[in-house]
Amino acid sequence: MKTLSAHVAGDVASDLQDYRPLFPFATLKAVGHPVFRSQEARDYACLLDLDRDVVSWQPFTYQIADDVGQRRLRHHVDFVVQTMTERLMVEVCTGDDEASEWLGNVLAMAGYRYQLVRFSDLNPVRLVNARDLVRYARYEATLGDRIRVLAALDEMGTLTLTECLAAVCEGRAMETIASLILRGHLDVDIDENLLGPGTVVRPRAK
């Protein structure tokens with residue numbers, strides 16, 4: 001059996017030709033060059049960027065191999081994910097695939113927990129909202145706009161998304177509010193409804 005570290009340093013090269021950048025091209029917590037096997041994997045990475053428990057994520061562009069008797073088993077996963085408490089290898093699938101016992105064992109030996117994510121099980125509203133926000137991940141809100149928005153929220157308690165946009169004076173309105181959400185200054189519900197004019201915006205709880 002090959003451990004993960006031995007495999008990566010071993011005889012099977014990276015499969016980068018099967019990976020490519022996909023929209024949205026900005027990222028928040030990615031390490032290295034963000035390339036993906038599928039649009040579904042790209043969309044899931046947007047959820048990783050918004051997950052408070054996720055510290056960082058990185059596309060994994062190698063096959064994982066295991067020698068069983070005369071056979072060599074090979075498999076792809078999509079991401080290495082570092083959370084506050086553990087290291088994961090995440091595979092995003094579009095069918096009814098079952099988690100492979102041998103793969104889980106190989107990854108466990110290398111210190112990772114294997115996680116199979118079925119794309120059909122994900123909340124489609126959260127996915128769309130995450131994609132819409134992450135596209136602005138490279139934008140930095142100005143200090144003045146951040147103070148204006150937070151001061152208005154401190155006075156009113158909550159504002160609508162439209163009201164927050166109107167408070168932006170120095171930068172681009174939607175980019176500014178999205179940046180403040182992504183960087184933890186503002187809080188919105190992205191699970192129930194698509195972001196819109198009446199979406200309630202709150203300061204992020206400490």
Side-chain angles (χ1 to χ4, degrees), residues 14 16-61 77-84 87-90 92 117 119 122-153 159-191 193-197 199-206:
S14 169
L16 274 174
Q17 66 270 19
D18 299 324
Y19 289 72
R20 60 195 185 281
L22 293 169
F23 182 85
F25 301 112
T27 62
L28 193 64
K29 299 178 181 179
V31 175
H33 187 49
V35 290
F36 308 91
R37 285 197 301 158
S38 66
Q39 186 64 55
E40 288 81 9
R42 175 59 193 112
D43 291 350
Y44 182 74
C46 293
L47 299 184
L48 295 176
D49 272 338
L50 269 65
D51 189 332
R52 296 188 194 183
D53 192 47
V54 170
V55 176
S56 64
W57 59 267
Q58 181 175 5
F60 192 75
T61 59
V77 297
D78 291 286
F79 302 107
V80 181
V81 180
Q82 178 67 55
T83 75
M84 295 289 189
R87 295 190 299 171
L88 305 173
M89 284 281 194
V90 179
V92 180
V117 174
F119 193 77
L122 300 176
N123 180 343
V125 173
R126 186 177 182 87
L127 277 170
V128 172
N129 285 331
R131 278 169 53 93
D132 285 342
L133 289 170
V134 167
R135 67 186 298 179
Y136 301 119
R138 294 174 183 162
Y139 189 84
E140 289 283 350
T142 68
L143 176 60
D145 282 333
R146 188 176 80 213
I147 291 173
R148 288 183 191 91
V149 173
L150 293 177
L153 283 166
L159 295 170
T160 66
L161 186 54
T162 298
E163 290 167 335
C164 285
L165 294 175
V168 175
C169 298
E170 298 176 17
R172 297 195 292 270
M174 189 64 247
E175 288 89 332
T176 294
I177 301 305
S179 175
L180 293 176
I181 294 170
L182 290 170
R183 285 160 177 76
H185 300 289
L186 306 180
D187 198 18
V188 293
D189 183 357
I190 63 171
D191 292 319
N193 298 291
L194 295 180
L195 296 173
T199 297
V200 176
V201 181
R202 298 178 173 84
R204 176 68 62 86
K206 302 298 185 184

Step by step, work out the side chain to side chain contact (heavy atoms under 4.5 Å, CB included) result for Leu194 and Asn129. CA-CA 6 Å; Leu194 295 180; Asn129 285 331; 3.9 Å; yes
Taking every non-hydrogen atom, the tightest pair across Leu159 and Glu163: CA-OE1, 3.4 Å
Going from CZ on Arg202 to SG on Cys164, what distance comes out if it is rounded to the nearest 0.5 angstrom? 11.5 Å
Spatial distance of atom OG1 (Thr176) from atom CZ (Arg146) [nearest 0.5 Å]: 11.5 Å
Distance in Å, Gln58 CD paired with Leu48 CG, rounded so as to fall on 0.5 Å steps: 12.5 Å
What's the verdict on side chain to side chain contact (heavy atoms under 4.5 Å, CB included) for Leu186 and Leu153, showing C-alpha distance, side-chain angles and the deciding distance? CA-CA 9 Å; Leu186 306 180; Leu153 283 166; 3.3 Å; yes
Closest non-hydrogen contact found for Leu180 with Ala141 is CD2-CB, 3.9 Å
So Leu47 and Leu122, do their side chains get closer than 4.5 Å, heavy atoms only? yes
Are Arg42 and Val92 packed together at the side-chain level, in the sense that at least one heavy-atom pair is separated by less than 4.5 angstrom? no
Backbone of Tyr139 reached by a side-chain donor or acceptor of Ser179 within 3.5 Å: yes
Would you check if the side chain of Arg183 reaches a backbone N or O of Ala137 as a donor-acceptor pair within less than 3.5 Å? yes
Validation row: Leu195, Leu133 side chains within 4.5 angstrom (heavy atoms): yes
Is there a side-chain contact between His33 and Pro21 in this structure, where contact means two heavy atoms from C-beta onward sitting under 4.5 Å apart? yes
Does any N or O in the side chain of Arg131 come within less than 3.5 Å of the main-chain N or O of Leu127, such that one atom is a donor and the other an acceptor? no
State whether the side chain of Arg138 and the backbone N or O of Phe25 hold a donor-acceptor pair below 3.5 Å, judged by distance alone. yes
Taking the side chain as everything from C-beta on, heavy atoms only, tell me whether Val80 gets closer than 4.5 Å to Met89. yes
Looking at Ala41, is its backbone amide N or carbonyl O close enough to the side chain of Asp78 to form a donor-acceptor pair, meaning the two atoms are under 3.5 Å apart? no
Atom CG of Leu143 and atom CZ of Arg148: how far apart are they, to the nearest 0.5 Å? 9.0 Å
Within this structure, what is the CZ-OG1 distance for the pair Arg135 and Thr27, rounded to the nearest 0.5 Å? 15.0 Å
Heavy-atom side-chain proximity of Arg204 to Arg52 below 4.5 angstrom: yes
For Arg126, is there an ion pair with Asp191 - N to carboxylate O distance below 4.0 angstrom? yes
Yes or no on side chain to side chain contact (heavy atoms under 4.5 Å, CB included) for Leu182 and Asp49, after CA distance, side-chain angles and deciding distance? CA-CA 8 Å; Leu182 290 170; Asp49 272 338; 5.8 Å; no
Do Thr199 and Asn193 have side-chain heavy atoms sitting under 4.5 Å apart? no
When the ring planes of Trp57 and Phe36 are compared, do they come out parallel, tilted or perpendicular, using 30° and 60° as the limits? tilted
Is there a side-chain contact between Val55 and Lys29 in this structure, where contact means two heavy atoms from C-beta onward sitting under 4.5 Å apart? no
Considering all heavy atoms, the nearest Pro24-Val134 contact: CG-CG1, 4.3 Å
Interatomic spacing from CG in Asp51 to CE in Met84 - rounded to 0.5 Å: 9.5 Å
Quick one: list whatever passes salt bridge (charged side-chain N to carboxylate O under 4.0 Å, His left out) with Asp189, sequence neighbours left out. none
Any side-chain to backbone donor/acceptor pair from Gln39 onto Phe23? Under 3.5 Å, distance only. yes
Where do Leu161 and Val188 land on the side chain to side chain contact (heavy atoms under 4.5 Å, CB included) test, with the steps shown first? CA-CA 9 Å; Leu161 186 54; Val188 293; 5.7 Å; no
For Ala130 and Cys46, work out which heavy atoms get closest and say how close. CB-CB, 3.9 Å
Measure across Phe79 and Tyr44 and return the closest heavy-atom pair with its distance rounded to 0.1 Å. CE1-CD2, 3.9 Å
So, Tyr136 side chain and Ala26 main chain: donor-acceptor pair closer than 3.5 Å or not? no
Closest non-hydrogen contact found for Val31 with Ser56 is CG2-CB, 3.8 Å
